[in-house]
Amino acid sequence: MNYLDELNESQRLPVQQIDGPLMVIAGAGSGKTRVLTYRIAYMIENGIDPFNIMALTFTNKAAKEMSERIASIVGDSEARSISMGTFHSVFSRILRYNSDRIGYPSNFTIYDTQDSKSLLKDIIKGLNLDDKAYKVNHVYGRISSAKNNLLSADAYAQNEEIVWEDKQAKRPELSRIYKAYENRCRKSGAMDFDDLLFQTHVLLSKFPDVLHYYQQKYRYLLVDEYQDTNYAQYLIIKKLAAAYENICVVGDDAQSIYSFRGANIKNILNFKVDYPDFNLYKLEQNYRSSKNIVEAANSIISKNKDQIHKVVWTDNTEGNKVSVVRALSDNEEGKIIAHKIYRSKENGIESFNDFAVLYRTNRQSRSFEEALRKLNIPYRIYGGISFYQRKEIKDLLAYFRLTTNPNDEEAFKRVLNYPRRALGNTTKEKIIIAANQNGVSLWDIVSNPENYSLALNKPTQGRVNDFVTMIKSFQAELGKLNAFELGETIAKESGIIRELKGEIDKGPEEIERFQNIEELLGGLQEFVDLDGSGDFKSLSDFLLEVALLTDADTENKEDRNHVSLMTIHSSKGLEFPFVYVVGLEENLFPSQLSLHSRSDLEEERRLFYVAITRAKSACTLSYASSRFTWGQVISSEPSRFIDEINPKFLEFETPKLRGGGRSLKSRGSNPSFSNKFQNKVSSNRNLKPLSASSKTPTYSSEKEFMVGQNIIHERFGKGKITKLNGFEADQKAVIFFPNHGTKTVLLRFAKLTIIKEK
DNA sequence: CCAGTACTTAGGTTG
DNA sequence: TAAGTACTGG
């Protein structure tokens, strides 16, 4: 197969430019991944050594997908030799190799957000600061953005502007917290997510020989989603690319949705400054979505002022208009969407995989879960609490971490008294204080009690010693037992298994916890067995793999037939035939927190653009006029984003509220009106959920179909309608296709053209 | 030290 | 609402 034939002209050009800097601005659905994968394949086929290629993505999923596609063209072993992965995972490997240069152990722990926040909480308490003024989330965000801008704690303290800002905000001690945090991470041999970037930059700027080595090794660089890179990422890439300038970045400014974690759109705009002789390619043809969807999305994004000019267009069929649905409450919204999915599936849609529900915030998933469960529709929630974040899993992993890196403070605190061994807060506090006073790790204190006066009573000291002995016994097995064997030993001897087994009769949650532990051990076994290289796989090797995994990576093959529920953020890069963008309400989407600045609001708008452009053949928007929030019902008005779409591309399934939706609040406070209103419609829904639309207005785009008519179907070609069933939204047609036999199609989704007879 | 209970408080998106 | 913290008595 010659894959170059599968590309259009504007895709082919960047694929065939191997050397020199190039930037590809790729509109939504324009085949960006295809360009990246084919480009890498093309490079390898033209003699580039895959070991010389670094390809960076933002999600593991994107990396995995690309890797698989490349492997299918150039073969497994070639594909495996490419350094392809997320920034975090590729950089963490570089850091492992060179950790001694920057004073970290090679088996450094990676702190996840939970770990970082828990440490910060501890530090704020330890410095006797008011935890109301110093909210952990805020402090964490502040430090994170400092690191993303390559400011160390010392640089932070010396930066007058920042110090002034903190003073204004009545948080003058922030730089002290940052400093303490930096120290304690280092004492623990731990890096947080931001350190993986920050320290990579330190490594490359402090050690010219290391930089030189990686410039030579990675002489071909590719960066996906370039619009989402932050300053640290930008500078690292720039350094690596400096020797050869073989750098290809791909991005779409219209899909930049990560400024909250430091993404800087200027990186795209600066590309021409850094590489003046670069080539710019634009991919503007959308292959994914129907015309109505593309145009609706275009009409949204045109409301943004800051953007690179491009015209996204498509050759695809017109398709259905984007429909808009109103629900009266968040629960009803769930029901309506679930029923829609139920009906479409009933009408011949192949698989539940074709459906996605996209929302702004994770907590919105609840009503959809409930409604889908009631209809027995399989679903999967992406994001949210991942497998590796569960308490029981984190507990066991903490033992693993402590075994490979005993200085890991967060792991230590987590398991010192779990399962309970009568080493509670008092003891923990004493150890922490001693560690801070002596500037050593918690483990240093307990493993050398004779060197530090701890003032523990005899029996407590004895129990601490037992704990130390146990961890040491695990460590002794590190080189002898493989990951699975040692993992199982730890699970048993730490007492975790006994603990969970003892609770198993308490209820389903406890059973699940036990099963999760079993699943983790199963994962260890797989990790050892499936590798195939025959190399010895230790527990440390496992931890390296696991630290950067997210929920989206734990997909198992059996449950492939499900509706996907996820935030719009995590839907980026994905596509689905049927997309439901839900919760389109003011203060939710756009988020309340985005309303005070234009740039934030524009980012919300880009997010909306991303959401709509996930859809291939149909997109539905929904909103609820009341929503259960923080224990009470809040009334809400439809999002401004709905109004911003050119109405030509919209179709309102439920009538728009009259008299201006913006006055909903006063209306909601009138109980007699709102109750009456609510009862009427919701009882209608409850009584006949599966034909709920019989009283809603007809669909404006509906064509008049009749039995006996000849039509053309997008996929099946010519056919004749033999039967019509149902009404309006549910209307189905039984059609005989000479080439494909008889099919039942839902008229709402099928793309049929009527052949006029004369 | 620990378990049970009363009270507070968050509220966005991710690797 | 739900999760996390503070307090109290055994």
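Ser256(A) contributes no side-chain N or O that, together with a main-chain N or O of Asp253(A), makes up a donor-acceptor pair within less than 3.5 Å. Proximity of a side-chain donor or acceptor of Lys303(A) to a complementary backbone N or O of Glu644(A) within less than 3.5 Å is detected.
With distances taken from any side-chain atom of Tyr140(A) to the nucleotides dG4(C), dG15(B), dT14(B), the minimum falls on dG15(B). Of the listed nucleotides (dG15(B), dT5(C), dC2(B)), dC2(B) has the atom at the smallest distance from the side chain of Ala422(A). Side-chain proximity of Ser591(A) to dA3(B), dT9(B), dG12(B): nearest is dG12(B). Taking every side-chain heavy atom of Arg420(A) into account, dA3(B) is the closest of dA3(B), dT13(B), dG15(B). The listed nucleotides are dG4(C), dT14(B), dT1(C); the one nearest the side chain of Phe628(A) is dT1(C).
For dT13(B), the base has a donor-acceptor partner in the side chain of Arg360(A) [N/O atoms by modelled type, under 3.5 angstrom]. Interface remark: the Asn362(A) side chain does not form any donor-acceptor pair with the dG12(B) base, using a distance-only criterion of under 3.5 Å.
Using a 4.0 Å heavy-atom cutoff across all strands shown, Lys125(A) reaches no nucleic acid atom at all. Base engagement by Glu604(A) is indicated by at least one non-hydrogen atom pair under 4.0 Å involving a base atom. The residue Asp194(A) sits close to a base: some heavy atom pair falls under 4.0 Å. When heavy atoms are screened at a 4.0 angstrom cut-off, Thr113(A) is found touching base atoms of the nucleic acid. Using a 4.0 Å heavy-atom criterion, one finds that Gly424(A) contacts the sugar-phosphate atoms exclusively.
dG12(B) and dT5(C) have their C1' atoms separated by 24 Å, given to the nearest Å. dG4(C) and dT13(B) have their C1' atoms separated by 22 Å, given to the nearest Å.
Of the side-chain N and O atoms in Arg363(A), none sit less than 4.0 angstrom from OP1 or OP2 of dA10(B). OP1 or OP2 of dC2(B) sits under 4.0 Å from a side-chain N or O of Asn417(A). For the OP1/OP2 pair of dT9(B) and a distance below 4.0 Å, the side-chain nitrogens and oxygens of Lys132(A) include at least one atom meeting the criterion. Contact annotation: Lys121(A) reaches the phosphate of dT5(C) (side-chain N/O to OP1 or OP2, under 4.0 Å). For Thr59(A), no side-chain nitrogen or oxygen approaches OP1 or OP2 of dT14(B) to under 4.0 Å.
Taking the nucleotide of DNA chain B with the nearest heavy atom to each of Phe193(A) and Lys428(A), the more 5' of the two is matched to Lys428(A).
If you measure from atom CD of Gln364(A) to atom C1' of dT13(B), you get 12 Å, rounded to the nearest angstrom. Summarising the geometry, the separation between CZ on Phe87(A) and C1' on dT14(B) is reported as 14 Å, rounded to the nearest angstrom. We find that CG of Asp131(A) is positioned 13 Å from C1' of dA10(B), with the value rounded to whole Å. Atom pair Tyr134(A):OH and dA10(B):C1' shows a separation of 21 Å (rounding to whole Å applied). Atom pair Tyr359(A):OH and dG12(B):P shows a separation of 13 Å (rounding to whole Å applied). In this structure, the CZ atom of Phe608(A) is 18 Å from the C1' atom of dG12(B), given to the nearest Å. Between Asn60(A) atom CG and dG15(B) atom C1' there is a gap of 8 Å when expressed in whole angstrom units. A straight line from OH of Tyr382(A) to P of dT13(B) spans 18 Å, rounded to a whole angstrom.
Stacking here means ring centres nearer than 5.5 Å and ring planes tilted less than 30 degrees, and by that measure Phe260(A) stacks onto dT13(B).
Figure legend: cation-pi geometry between Lys391(A) and Tyr418(A), with NZ or CZ positioned under 6.0 Å from the six-membered ring centre and within 45° of its axis. Cation-pi contact between Arg605(A) and Tyr609(A): absent, since separation from the ring centre below 6.0 Å together with deviation from the ring axis within 45° is not met.
Contact of the Phe542(A) side chain with the Leu397(A) side chain is registered, since non-hydrogen atoms from C-beta on lie closer than 4.5 Å. Two residues are said to be in side-chain contact when any heavy atoms from C-beta on lie closer than 4.5 Å; Phe91(A) and Gln199(A) fail this criterion.
Between Phe589(A) and Leu607(A), the shortest heavy-atom distance links the atoms CZ-C, 4.0 Å.
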